[in-house]
Structures are given as structure tokens and as C-alpha cells.
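Structure first, commentary second.
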Number of protein chains: 2
Amino acid sequence: MAVLKHSKQRDMIKEFLMTRKDHPTADVVYSNVRLQNPNISLGTVYRNLTLLADIGEIQRLRLGDGVDHFDADTSPHYHFVCSECGRVIDLELDSITGITDSAQTHFKGHIAGHITYFYGTCENCMNE
Amino acid sequence: MAVLKHSKQRDMIKEFLMTRKDHPTADVVYSNVRLQNPNISLGTVYRNLTLLADIGEIQRLRLGDGVDHFDADTSPHYHFVCSECGRVIDLELDSITGITDSAQTHFKGHIAGHITYFYGTCENCMNE
DNA sequence: ATGATAACAGTAATCGTTACTAATTTCATT
DNA sequence: AATGAAATTAGTAACGATTACTGTTATCAT
């Protein structure tokens, strides 16, 4: 990979993402970062989100809603997606890495890991 | 919902899907069904795959590769996605529905279920 | 300061999917 | 069997998220 050069835009994107716990999409990142730098390009946001995810500084979440979400918290944890409002919420959950092992027992390839997320109705939507 | 009327195109799509264990995409369904009916429209394929999934006759799989896959096997089971070749393979795995309960314990909304799939290198790609 | 190259803004293109429309098919009722 | 209302179709246009391109600007080792 090419040598990484510093960029103000990348810093802004990373910093914005660290202030948020709601796993925003590229578009949300774009419109928020634009408040500070109205000239930033949507392509720049996408490119840097991809780059940051590739070097492991952020996490890309694919939650089946057709839009990528991004999370500055790279520690392993699980997510809940509200089927009503689409909200994405962190979940406290004891590690379930054991399921990778138990999936491996009957499988001849190599299982490197798993993707799991939960869905249902969030607290907010239940009170309606 | 409107009354369902029979359609030859829908039958062909369902029948094709039942012959396949490799979880084809809409496009693969389209090009195969077109061998029998060259006039069928891609929109018809999408509409019927969605309809069949809505009435529970098939399953729509979202596996994080940006393309929907479809499975005529509607029984609950898990999938493996090869990171090398993209192949999707059924997995034998004892039920892990318990994780839904254990996710529920610390969560105030209602968890209806979970999506889990595994990734790694398939047997084919390991022999290369 | 210079120069190589990474990153940028702006825009066009791509890809999977959905929406639209006029014509056709299904099917319950005659 | 003929009628007609409604579902379905083929074909095509539109859409939204993302990626690619291009000429310009910023970074940074020398």
C-alpha cells in the first residue's frame, strides 16, 4: 500500500466519529463534517471511511439495511438494529466466540470469525 | 395485501431456486430462468423473489457482500461466506438461539431474533 | 525550496434494486 | 365459453449508495 500522508479531512472524520455512539452512515458523517468544512467532498468521506476501516482505526458495520454504518469503537461488541426506526444500539453481551469453534467442528474450510447482530424493537419504539 | 394470482414466471423462479444449494443472487436466477423463458424481465425476477420471501416460501440472505442471496431452504440454518471466492455454503450448527436470550438480559427493548453468518476460507480455496 | 506522490474537490459512472406504464394473464362470475 | 376486474408482466426509467476519474492542492522527505 502507498505511504500514508496526513490529512485534515481524515482527522475531522475520525474525530467526528469518536463523538458519536449511534453508528452513523457515510451520509451522516458527510453532512456533519460539512458544518466545519463546507468544501469537503462526499467522495473524500467515503474514501477516508474505507481507509480508516482498512487500517483498523474504525469499524464498518453491515447490518442488512443496505447502508454501511461506521463505529469508532473497534473493540469487539455486538449491535442491535431496531426494525421500526433503524436505530443501531450497542449491546452488552458475554462473548459468544464459542460459536465459531462449534461451527468449525463440522466444516472442512477455515472459519475465521462470525458476524452477528440482533433485531427487534428498541425501547423508544416500544413506548408508542 | 392484494389477492395472489398464479404466474408461470413465479413458478419457474421458485422451481429453479429449489434445484440450487448455492444461494444464488437475483442476477443468477435471472440468467438461468431466461434459458427457459428468454422474455422474462429482471424486474419480474426481483418482484417475485421479494414476494416469495415475504410469504415465507424462500429466504432472503444478506451476507454483507452488497448483494442479496436467495435460499429455497427456509428451515433455520446458518451460512458460511468464503472471503476469497464469495461462495456461500450451508453450515451444520447446533442452535444458538440462546444468544438472543442472553442478549436480552441487559437490553430494555425487545429482541426478536438475530442474524449470524460465518466467514473465512472455504475448502476449495484452501487447496490452492 | 524542490519534487514526488498522496489526497483533495467536483463530478461522472457503476451497480443492485425499485418504480412506472401500457399490455397481458389470471380467475371468479356470469 | 364470454366478461371484466385485478394481478402480473415486459420493458424501461429512476433511484440511492458507493466507487472511479481528473485536474488541482497539500504533504513531506530530500
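Quick note: numbers below take in every heavy atom, side chains included, and nothing from hydrogens, waters or symmetry partners.
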Calculate, to the nearest 0.5 Å, the distance between atoms NZ and CD1 belonging to A/Lys108 and B/Ile89 respectively. 11.5 Å
Pair [X], [Y]: side-chain N/O donor-acceptor within cut-off below 3.5 Å:
| X | Y | value |
| --- | --- | --- |
| A/His69 | A/Asp22 | no |
| A/Thr44 | A/Arg47 | yes |
| A/Thr121 | B/His110 | no |
| B/His23 | B/Asp73 | no |

Looking at B/Met126, is its backbone amide N or carbonyl O close enough to the side chain of B/Glu123 to form a donor-acceptor pair, meaning the two atoms are under 3.5 Å apart? no
Sidechain-backbone polar pair: A/Glu92 side chain, B/Ala103 backbone, donor-acceptor under 3.5 Å: no
Mind calculating the distance between CG (B/Asp65) and C1' (D/dT18) to the nearest angstrom? 15 Å
To the nearest angstrom, the CG-P distance between A/Leu49 and D/dT19 comes to 10 Å
Only counting residues at least two apart or in another chain, list the ones meeting salt bridge (Lys or Arg N to Asp or Glu O under 4.0 Å) with A/Asp71. none
Protein-to-nucleotide contact annotation, 5' to 3' order, nucleotides 5-24 of chain C [B base; S sugar-phosphate only; - none; under 4.0 Å, heavy atom]: BSSBBB-----SBB------
At what angle, to 10 degrees, do the two end axes of the helix from C/dA1-D/dT30 to C/dT30-D/dA1 meet, given five pairs define each axis? 30°
